[in-house]
Engineer: 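Input: one structure, supplied below.
A note on names: the letters A, B, ... follow the listed sequences, proteins ahead of strands, and every chain is numbered from 1.
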2 protein chains.
Amino acid sequence: MASVSPGQLSPPAATRTGSTREELLIAAERVFARHGFAGASLDEVAEQVGIRRPSLLHHFRSKRELYDAVERRIFEELNAHLTGLEAEGAPFERLMTLLNQWLTFMVERPTAARIILRNSSDLISRPADPVEFSWRTVETFVRLVEEGIAAGAFRPIKPVVALNILGSAVLSFVCNADQFGHRRRYDATGRAERAEFESALRRAAWGVLAPA
Amino acid sequence: MASVSPGQLSPPAATRTGSTREELLIAAERVFARHGFAGASLDEVAEQVGIRRPSLLHHFRSKRELYDAVERRIFEELNAHLTGLEAEGAPFERLMTLLNQWLTFMVERPTAARIILRNSSDLISRPADPVEFSWRTVETFVRLVEEGIAAGAFRPIKPVVALNILGSAVLSFVCNADQFGHRRRYDATGRAERAEFESALRRAAWGVLAPA
DNA sequence: CCTACCGATCGGTAGG
DNA sequence: CCTACCGATCGGTAGG
């Protein structure tokens, strides 16, 4: 399967690291994040890897399949990034650990944040169940909230209400850095900006969840 | 300009209320909300009004111009929907008035919520300044926060941080009703659901803004 | 991994 | 307001 065709250029990835499939997923995440599913073109993805579209379609049989693989990969790596949630800490601290790990992941990977946020605004992107890939992420959050309620540490709130407020805040912080006009632009990767947001997010979470 | 062509059917809008331009804007908002800018087709918009695409392009010279008109209309009507903000109430109550009016508007007009939320995930949709249409809405929120800070009623927080958390919460509440899987589906127009969200949003806002 | 090709759909224009 | 048409681009396939 090793290619020996002479016309191989592969300008983007110097020294050709990783498998072609992996390179395609990375390029596709970038392209889907920028243009959305409908606006993305397979030609652009293939070009970034230095191959042609039919070769891409040898690895992924359709645009939908490529998109699904990108999304699955994002949530797998997000979940793999989580640690310390099973510990015996206080429910609120465990929830903030989760939120801060989400935040770290999204800040370092804004393409993922864009793709996940778009899931909220795209009605029909998912043919079947919209949680096909995100359910584990959602369940982790919901479980922490439910355990906190059961322990009397949180008020009895519907977990998705808290998720709507706190989860979308993380995504918006990352995605909106350039969306409020040049006068209000900020750097989501900046230390001070992150610290201010993290502390505001913590206070929001406490307001939402603190027992009455 | 009154059309007398015999092939006129106009099945969607019975009794032909409103101008064609107005009908096009309504249909376009629905189509753009569902498919996004790239995924929307002018044929679908025209068909919903009972005309052909070239006739649509007589009213709006391009897809971009149509989209811009939809977005401008949304923010105009959102701003027109606001009342009681100049009153002499406490800063926090004025801010909650604003947020609750946003919430009412978005719940009653989920197509607008979807289009605005997509502005966060679409990087390149706006050629020039991303706040071309939303700046007045953003400024209203920012001003209320700044006045609250000046009055000592709020802690000194960067207004966009509060906007990221509280504004996106409103949009997510409306847009995510069906995005957490059928087991966690909710009705964003329901009285109880709204009441629970509104109270959680208020507590989140207080957590974010309350003086240290 | 490629070239060559397919049908479908797109936004937009010409002209009346 | 229409029909007819334009070039461009799309996802996907054939075949090697």
Engineer: Do the charged groups of Glu147(A) and Arg143(A) touch, with an N to O distance under 4.0 Å?
Structural biologist: yes
Engineer: For the backbone of Asp43(A) and the side chain of Arg53(A), can you confirm whether one donor and one acceptor N or O come within less than 3.5 Å of each other?
Structural biologist: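 Checking the backbone N and O of Asp43(A) against the side chain of Arg53(A), no donor-acceptor pair under 3.5 Å is found.
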Engineer: Using side-chain heavy atoms (C-beta onward) and a distance below 4.5 Å, is Val107(A) in contact with Phe173(A)?
Structural biologist: yes
Engineer: Does Arg64(B) make a cation-pi contact with Phe37(B) (under 6.0 Å, within 45 degrees of the axis)?
Structural biologist: yes
Engineer: For Glu22(B), is there an ion pair with Arg73(B) - N to carboxylate O distance below 4.0 angstrom?
Structural biologist: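 Salt bridge: yes.
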Engineer: State, yes or no, whether a side-chain contact exists between Trp102(A) and Phe141(A) at a heavy-atom distance under 4.5 Å.
Structural biologist: yes
Engineer: Could you check how far NE2 of His59(B) sits from P of dC2(D), rounded to whole Å?
Structural biologist: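 Result: 10 Å.
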Engineer: In B/S/- notation, 5' to 3', how is nucleotides 3-16 of chain C contacted by protein heavy atoms closer than 4.0 Å?
Structural biologist: BB-----SBBB---
Engineer: If the threshold is 4.0 Å, N to carboxylate O, is there a salt bridge linking Arg72(A) and Glu77(A)?
Structural biologist: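 Looking at Glu77(A) together with Arg72(A), the answer is no, because their closest N to O distance does not fall below 4.0 Å.
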Engineer: At under 4.0 Å, does any side-chain N or O of His58(B) touch on OP1 or OP2 of dC2(D)?
Structural biologist: no
Engineer: According to a 3.5 Å limit on both distances, what stems of 3 or more consecutive Watson-Crick or G-U pairs are formed with DNA chain D?
Structural biologist: C:1-16 with D:1-16
Engineer: Using a strict 4.0 Å threshold on nitrogen-to-oxygen distance, state whether Arg109(A) and Glu29(A) make a salt bridge.
Structural biologist: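 Salt bridge between Arg109(A) and Glu29(A), a charged N being under 4.0 Å from a carboxylate O: yes.
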